[in-house]
Student: 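Structure provided below as structure tokens; questions to follow.
This is a predicted model, so every value here is computed, not measured. Lettering of chains follows the sequences in order, A, B, ..., and the numbering in each one begins at 1.
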2 protein chains.
Amino acid sequence: MAFDPASLTFDANGLIPAVAQDHATGEVLMMAWMNAEAVARTVETGRVTYWSRSRQAFWVKGETSGHVQRLIELRIDCDRDCLLLLIEQEGPACHTNRRSCFYTALREGEERIILDPMV
Amino acid sequence: MAFDPASLTFDANGLIPAVAQDHATGEVLMMAWMNAEAVARTVETGRVTYWSRSRQAFWVKGETSGHVQRLIELRIDCDRDCLLLLIEQEGPACHTNRRSCFYTALREGEERIILDPMV
């Protein structure tokens, strides 16, 4: 059966969380949100497109920064309410210029920055 | 500065999404939700504890199934509104008995089951 984004489970705002993972290294890069149309555009174009909750607009990742995400494979979880995007990331995924948004680790009860911005 | 779960950004329901990743293999296993107290309990006990939205109760992962998650490291994203849990997973993470909840892949426009239940 052909995939239909409407068959996913969206929250009260019509959104589903999408976790982006580097397909080659397995590094988890970021989490953002998609609506059904963003899912459809991502699958159709192969360019990862989120829904920006702050701007209330489609967010073609990297459109202005050049740090695009190419979709390698989309995966759906058992409850159909979360997506895993296996991607190829151009440069940093994070707006702080770090490869991953998850650059703060809790170690010995303290928060530690474990990634430097990319040069 | 000591880590304070209240310093995280929670949604309107007081929840934050938490992505569980196998610390050794990098496999993304599941996504679930935590409130501030679940984050605190997870950090204190080293046993991953979510907040079950359906049951509206704490959910000590594996408490009944034995498929526990031991926290290796907690990471926080740039917006402080998503957590990445590096964990050691006992057996399957998914209630379908599969190692990961993300066992459905979109390939050539079709949904394909790519993981079998563990025996």
Student: Return the CD1 to CD1 distance between B:I76 and A:I113, rounded to the nearest 0.5 Å.
Tutor: 9.0 Å
Student: For A:L84 and B:F102, which heavy atoms make the closest approach, and how far apart are they?
Tutor: CB-CD2, 3.5 Å
Student: Heavy-atom distances under 4.5 Å only: say whether A:R98 touches chain B with side chain, backbone, both or neither.
Tutor: neither
Student: Please classify the contact between B:V28 and chain A as side chain, backbone, both or neither, with a heavy-atom cut-off of under 4.5 Å.
Tutor: both
Student: Are A:R53 and B:D81 within salt-bridge range, i.e. N to O under 4.0 Å?
Tutor: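 Salt bridge present between A:R53 and B:D81.
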Student: Distance check, rounded to the nearest 0.5 Å: B:D77 atom CG versus A:C94 atom SG?
Tutor: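 Separation between the atoms: 8.0 Å.
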Student: Find out whether A:I114 and B:R75 are in side-chain contact, i.e. whether some heavy atom of one side chain is under 4.5 Å from a heavy atom of the other.
Tutor: yes
Student: Heavy atoms, side chains only, cut-off 4.5 Å: are B:P17 and A:P17 in contact?
Tutor: no
Student: Please check if B:L15 and B:F58 belong to a single hydrophobic cluster, counting links between Ile, Leu, Val, Met, Phe, Trp and Tyr side chain heavy atoms closer than 4.5 Å.
Tutor: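 Same cluster: B:L15 reaches B:F58 through Ile, Leu, Val, Met, Phe, Trp or Tyr contacts under 4.5 Å.
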Student: Same cluster for A:Y50 and A:L29 if Ile/Leu/Val/Met/Phe/Trp/Tyr side chains link at under 4.5 Å?
Tutor: yes
Student: So which of A:R112, A:R107, A:E27, A:H95 has the largest heavy-atom pair count under 4.5 angstrom toward chain B?
Tutor: A:R107
Student: Looking at side-chain heavy atoms only, is the closest gap between B:M31 and A:M31 below 4.5 Å?
Tutor: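 With C-beta onward as the side chain, the pair stays apart.
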Student: Output yes when B:E111 and A:R80 qualify as a salt bridge under the 4.0 Å nitrogen-oxygen rule, no when they do not.
Tutor: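 Yes.
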Student: Report whether A:L8 and A:L74 are members of the same hydrophobic cluster (ILVMFWY, side-chain heavy atoms less than 4.5 Å apart, transitive linking).
Tutor: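 Yes, it is one cluster - the side chains of A:L8 and A:L74 are joined through contacts under 4.5 Å.
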Student: Find out whether A:L106 and B:V43 are in side-chain contact, i.e. whether some heavy atom of one side chain is under 4.5 Å from a heavy atom of the other.
Tutor: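 The answer is yes; the side chains approach within 4.5 Å.
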Student: State yes or no: do B:W59 and B:M34 share one hydrophobic cluster built from I, L, V, M, F, W and Y residues joined by side-chain heavy-atom distances below 4.5 Å, directly or via other members?
Tutor: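 Linked, B:W59 and B:M34 end up in one cluster.
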Student: For B:Q56, does the CD atom have more than 12 heavy-atom neighbours from other residues, nucleotides or ligands under 6.0 Å away?
Tutor: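 Above 12, so yes.
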Student: Grab the two heavy atoms, one from A:A105 and one from B:E73, that are nearest each other, plus how far apart they are.
Tutor: CB-OE2, 3.3 Å
Student: Counting only non-hydrogen atoms closer than 4.5 Å, does B:C82 touch chain A with its backbone (N, CA, C, O), its side chain (CB onward), both, or neither?
Tutor: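 Interface part for B:C82: both.
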